[in-house]
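All values below were derived from every heavy atom in this structure, side-chain atoms included, with hydrogens, water molecules and symmetry-related copies excluded. Chain letters run A, B, ... following the sequence lines, proteins first, then strands; residues in each count from 1.
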There are 2 protein chains.
Amino acid sequence: MYTHSCSNCAMSDLCLPLGLSKQEVQKLEEIVQTTAVKHVGDKIVRQGDKFDKLYAIKSGMCKAYRFDESGVEYVQSFHLPGEIFGLDAIYAKHYGFSVEALDTTVLCELDYRQLQNLCSEIPALQHQLFNLLSRDLYSSHVNPIEHFDQSAEQKLAGFVHNLLTRFQARGHNSLEMQLPMSRRDIANHLGLAPETISRLLKRFQNNEVLAIDNRIVSVLDVGKLQSLVHCHALEARITRRQVSKAG
Amino acid sequence: MYTHSCSNCAMSDLCLPLGLSKQEVQKLEEIVQTTAVKHVGDKIVRQGDKFDKLYAIKSGMCKAYRFDESGVEYVQSFHLPGEIFGLDAIYAKHYGFSVEALDTTVLCELDYRQLQNLCSEIPALQHQLFNLLSRDLYSSHVNPIEHFDQSAEQKLAGFVHNLLTRFQARGHNSLEMQLPMSRRDIANHLGLAPETISRLLKRFQNNEVLAIDNRIVSVLDVGKLQSLVHCHALEARITRRQVSKAG
DNA sequence: CGGGCTATTGAGCCGTGTCAAAGCCGGTGG
DNA sequence: CCACCGGCTTTGACACGGCTCAATAGCCCG
């Protein structure tokens, strides 16, 4: 199996070239383009635009968001290096979400039509793409349902912990993180009020779980943070989300 | 283009055989098995079981649910005829959700390995499967984020309206529906308390939106129901979910 | 007819949203 | 270099939706 050179994918078992022969990887690379650098606020795709490309983040951070029919904004996700977006637009033929850079960001562009043709030629590539779609589907099934039954504290702790884990998986071996998004974006993403985010961050600071300097967050106690994510899980909410009796 | 015979897929533009030649459909049918009938409470797959098959519902209704690490149950979805489940297990290699019949249910089984091989042979089938995955991904991106910012009333109204729409898309042209799931399942699915479901259903009854007889629900006023889904969208929650200023 | 599960109804409380005001930071222009 | 401005963030006071707990009623099945 060919070990490819895409440094950002080092931590992922789902980078597209995985499992491909040297020759096949070359074919894949022929249809990949690296875009110019994007800066804070630059839009990469706009909700409603015609779908033609998938994007993979090489460095930086992006936020994906949409406006519903009533003009209300929803921040769906924050994307880190190694992650691919646009997959949810294949069927609809139009992007369902706008994506913009929160930071200086470099991307790969993949023409979907070409990729699809290549998948017919290279079974291993088809296999990888099915896996990629399936993994995204799984996490978007598991994450939201667990979230929307949690307290604000659990949600925010989960959010910070999730980011930390993802940063660490990318080789960022420090407990300090730059969160380039606004409090309002975080609040929106978690379905909370911005004021609640402020109050909780302060509480986490008081409890010596986090240290916060504007948009720089340092995790002081990973264990405490983790326990905050699961804490209420057994005390409350057991009526709605019934605890298992059988196996 | 071959018009296939799967009556349940009549309303769907995503039934797998779509776009395939007669010959290709035949190949597909060779790897499809129809299971024995399942009855109320019968499990079709169990969370944690090794993944090997996808399932398509021919008739009946199922619920998909999982227990998290703390043993808390989450009802993820209710599946109707024409819908496929198991896609989110491709990557993980194990089912992430248990699925059980809520009703007398007939299913198709598709061996994934065989299907994947067939996709390499038949580009149109690969194309259909990418579309199917993408559509599921899209809806699991859009639905939950809009839900988890809604009032209990909006959630339940949305749930009923969604079911009605899906029943009607399947040719059920009546405003009366059998909801085979318990109040507890509905509550869990929506992230609410069962008591809240009871109270809201009564309120809908008082407002002459629904008529309820145990698990049989009749929609008396589709317009009112629809307006309940969107009602609070502009009054409240505008701080968190900011209303668009630009285009 | 009794047992057990499901559903309903009521009373009270807590978390989180809303509103309003003040503080902070970065950028711009005089 | 400093003053001003607008957006983001924080803080406080208050209200209310929906959860909890507890009791009652209905339904299915033996």
Side-chain angles (χ1 to χ4, degrees), chain A residues 39-41 63 72-73 75 102 147-157 179-206 210 212-217 228 231-243 245-246, chain B residues 39-41 63 72 75 102 147-157 178-206 210 212-217 228 231-243 245-246:
Chain A
H39 297 283
V40 184
K63 92 171 166 176
V72 181
E73 182 178 356
V75 175
L102 289 170
H147 277 163
F148 90 1
D149 191 49
Q150 291 175 321
S151 68
E153 187 172 82
Q154 284 176 282
K155 285 185 191 177
L156 186 59
L179 302 191
M181 71 293 281
S182 69
R183 301 286 134 105
R184 200 166 71 66
D185 283 343
I186 300 175
N188 185 310
H189 174 62
L190 297 175
L192 301 170
E195 293 94 328
T196 304
I197 304 294
S198 267
R199 284 187 253 267
L200 286 173
L201 285 178
K202 160 150 279 204
R203 190 194 299 175
F204 290 167
Q205 217 165 358
N206 292 340
L210 302 179
I212 290 140
D213 175 20
N214 203 3
R215 294 191 178 182
I216 294 179
V217 172
L228 282 173
C231 69
H232 281 183
L234 281 177
E235 308 170 14
R237 325 277 150 145
I238 327 189
T239 316
R240 260 176 303 167
R241 309 296 199 176
Q242 205 79 7
V243 165
K245 292 155 208 164
Chain B
H39 297 283
V40 184
K63 92 171 168 178
V72 181
V75 175
L102 290 171
H147 277 161
F148 90 2
D149 190 50
Q150 292 175 323
S151 68
E153 188 174 79
Q154 286 176 281
K155 284 185 190 176
L156 185 59
Q178 234 264 335
L179 303 190
M181 71 292 280
S182 70
R183 301 281 191 264
R184 199 168 72 66
D185 282 343
I186 300 176
N188 186 309
H189 173 62
L190 298 175
L192 300 170
E195 294 93 327
T196 304
I197 303 294
S198 266
R199 283 187 254 268
L200 286 173
L201 286 178
K202 159 150 281 202
R203 191 193 299 174
F204 290 167
Q205 217 165 359
N206 292 339
L210 302 178
I212 291 140
D213 176 21
N214 203 6
R215 293 191 180 182
I216 294 180
V217 172
L228 281 172
C231 71
H232 281 183
L234 282 176
E235 308 170 15
R237 326 275 151 147
I238 326 190
T239 316
R240 262 175 301 166
R241 308 295 198 173
Q242 205 79 9
V243 166
K245 294 156 206 160

S.K.: Where is the tightest heavy-atom contact between A/Lys155 and A/Gly191, given as atom of each residue plus distance?
M.R.: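 Scanning both residues, the minimum pair turns out to be NZ-O, 4.1 Å.
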
S.K.: Which residues pass the side-chain hydrogen bond (donor to acceptor under 3.5 Å, both in side chains) test with B/Arg203, not counting sequence neighbours?
M.R.: B/Glu153

S.K.: Just verifying a value: how many Å separate B/Leu102 CG and B/Ser182 OG, rounded to the nearest 0.5 Å?
M.R.: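 Going from CG on B/Leu102 over to OG on B/Ser182, the span is 8.5 Å.
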
S.K.: Specify the closest pair of heavy atoms between A/Glu73 and A/Asn188, including all atoms of both residues, with the distance to one decimal.
M.R.: O-ND2, 3.0 Å

S.K.: Working note: B/Thr196 + B/Leu190, criterion side chain to side chain contact (heavy atoms under 4.5 Å, CB included); need CA distance, chi angles, decisive distance, verdict.
M.R.: CA-CA 11 Å; B/Thr196 304; B/Leu190 298 175; over 6 Å; no

S.K.: Look at the side-chain N and O atoms of A/Arg184 and state whether any lies under 4.0 Å from the OP1 or OP2 oxygen of D/dG7.
M.R.: no

S.K.: To the nearest 0.5 Å, tell me how far B/Leu179 CG sits from B/Asn214 CG.
M.R.: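 With rounding to 0.5 Å, CG (B/Leu179) is 10.5 Å from CG (B/Asn214).
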
S.K.: Which nucleotide, D/dT9, D/dC19, C/dT16, lies nearest any side-chain atom of B/Ala193?
M.R.: D/dC19

S.K.: Is there a side chain to side chain contact (heavy atoms under 4.5 Å, CB included) between B/Ile186 and B/Leu156 once you walk through the steps?
M.R.: CA-CA 9 Å; B/Ile186 300 176; B/Leu156 185 59; 4.1 Å; yes

S.K.: How long is the line joining CG of B/Leu192 and P of D/dC19, in whole Å?
M.R.: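 My rounded result for the distance is 5 Å.
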
S.K.: Nearest whole angstrom, please: distance from the P of C/dG15 to the CD of A/Gln154.
M.R.: 13 Å

S.K.: Can you list the residues that meet the side chain to side chain contact (heavy atoms under 4.5 Å, CB included) rule with A/Gln205, with sequence neighbours excluded?
M.R.: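 Per chain and number, A/Gln205 pairs via side chain to side chain contact (heavy atoms under 4.5 Å, CB included) with A/Ile212.
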
S.K.: Taking only N/O atoms, report every protein-nucleotides 24-29 of chain D pair under 3.5 Å with atom names and distance.
M.R.:
none

S.K.: Please report, rounded to the nearest Å, how far the P atom of C/dT8 is from the CZ atom of B/Phe204.
M.R.: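 Whole-Å distance recorded here is 13 Å.
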
S.K.: Between C/dA7 atom P and B/Ile212 atom CD1, what is the distance in whole Å?
M.R.: 12 Å

S.K.: If an axis is fit to five pairs at each end of the helix from C/dC1-D/dG30 to C/dG30-D/dC1, what is the angle between the two, to the nearest 10°?
M.R.: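 Rounded to the nearest 10 degrees, the bend comes out at 40°.
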
S.K.: To the nearest Å, how far apart are B/Asn188 CG and C/dT6 P?
M.R.: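 That distance rounds to 14 Å.
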
S.K.: Which atom pair, heavy atoms only, marks the closest approach of A/Gln154 to A/Leu228?
M.R.: CG-O, 3.4 Å

S.K.: Could you give the CE-to-P distance, from B/Met181 to C/dA7, as a whole number of Å?
M.R.: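 Roughly 11 Å, once rounded to whole Å.
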
S.K.: Check nucleotides 9-11 of chain C against the protein and report each pair of N or O atoms closer than 3.5 Å, with its distance, or say if there are none.
M.R.:
unit_1 : atom_1 : unit_2   : atom_2 : d
C/dT9  : OP1    : B/Lys202 : NZ     : 2.6
C/dT9  : OP2    : B/Lys202 : NZ     : 3.2
C/dG10 : N7     : B/Arg199 : NH1    : 2.9
C/dG10 : O6     : B/Arg199 : NH2    : 3.4

S.K.: Rounding to a whole Å, what distance do you find between A/Ile197:CD1 and C/dG15:P?
M.R.: 17 Å

S.K.: Give me the atom names and distance for the closest heavy-atom approach of A/Pro180 to A/Arg215.
M.R.: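 Scanning both residues completely, I find the closest heavy atoms to be O-NH1, 3.1 Å.
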
S.K.: Separation of A/Glu153 atom CD from C/dT16 atom C1', in whole Å?
M.R.: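 The distance from CD of A/Glu153 to C1' of C/dT16 comes to 13 Å, rounded to the nearest Å.
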
S.K.: Which atoms form the tightest heavy-atom contact between B/Ala187 and B/Ile197, and what is the distance?
M.R.: CB-CG1, 3.6 Å

